[in-house]
Amino acid sequence: QVQLVESGGGLVQAGGSLRLSCAASERTFSNNNKGWFRQVPGKEREVVAAINWNGGSTYYADSVKGRFTISRDNAKNTVHLQMNSLKPEDTAVYYCAARKSAGTRIYLIQADYDYWGQGTQVTVSS
């Protein structure tokens, strides 16, 4: 069973930055499509950013476009989410997700992903 482990969450003031990282436990998942989602209590989990197998295509939710950057390092089997100019409304639990397969497409819904991390809390104070 593949495990995804997120790190880098925490408490930050509005306008600050955080960098989330996600490492996969199996080397064979280094090229798989990956994404970052977030969830607040009482709301559906929503996609924040997604990236295809080689980083050639990326997607950002409108709410984070221009502030967040998704990237991947296949040699290190990791995917990152650089979050700048954070706002209180970015407060959520952030989840890393991975598909079983690698491809050129971008995947945007929860059902498209096969493996999930445990989540990391990001809290932005005003």
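Along the sequence shown, residues are numbered consecutively beginning with 1. Note: hydrogens, waters and symmetry copies are ignored here, and every other heavy atom, side chains too, is used.
Phe68 places a side-chain heavy atom less than 4.5 Å from the side chain of Leu86. Within the 4.5 Å cutoff, side-chain heavy atoms of Asp90 are placed close to those of Arg38.
The hydrophobic clustering, which links ILVMFWY residues whose side-chain heavy atoms are closer than 4.5 Å, places Tyr60 and Leu20 together. There is no path of hydrophobic side-chain contacts, each under 4.5 Å, that joins Val48 to Tyr59. Hydrophobic clustering (ILVMFWY, side-chain heavy atoms < 4.5 Å, transitive): Val12 and Trp36 are in one cluster.
Within a 6.0 Å radius of CD in Gln121, more than 12 heavy atoms belonging to other residues, nucleotides or ligands are found. Heavy-atom neighbours of Lys65 NZ from other residues, nucleotides or ligands within 6.0 Å: above the threshold of 12.
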Could you go step by step and tell me if Asn32 and Asp114 meet the side chain to side chain contact (heavy atoms under 4.5 Å, CB included) rule?
CA-CA 11 Å; Asn32 292 47; Asp114 304 292; over 6 Å; no
Walk me through it: do Val79 and Ile70 pass the test side chain to side chain contact (heavy atoms under 4.5 Å, CB included)?
CA-CA 7 Å; Val79 62; Ile70 188 171; 4.0 Å; yes
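Side-chain atoms of Asn33 never come within 3.5 Å of backbone atoms of Arg99 as a donor-acceptor pair (strictly under, hydrogens ignored). Side-chain atoms of Arg72 never come within 3.5 Å of backbone atoms of Gly55 as a donor-acceptor pair (strictly under, hydrogens ignored). A donor-acceptor pair under 3.5 Å is formed between the side chain of Glu6 and the backbone N or O of Gln118. Without hydrogens or angle criteria, Asn31 side chain to Ala102 main chain gives no donor-acceptor distance under 3.5 Å. The backbone N or O of Ser30 lies less than 3.5 Å from a partner atom in the side chain of Asn77, making a donor-acceptor pair.
In this structure, CG on Leu81 lies 7.5 Å from OH on Tyr94, to the nearest 0.5 angstrom. Of the inter-residue distances, the one linking Ser71 atom OG with Lys34 atom NZ reads 11.5 Å to the nearest 0.5 angstrom. Considering CE of Met83 and OG1 of Thr69, their distance stands at 11.0 Å, rounded to 0.5 Å. Atoms OG1 and CG, on Thr78 and Asp73 in that order, are 4.5 Å from each other to the nearest 0.5 Å. With values rounded to the nearest 0.5 angstrom, Lys87 atom NZ is found 14.0 Å from Ser126 atom OG.
Applying the ring-ring contact (aromatic ring centres under 6.0 Å, His included) definition to pairs two or more places apart or across chains, those involving residues 100-123 are Phe29-Tyr115, Phe37-Tyr113, Phe37-Trp116.
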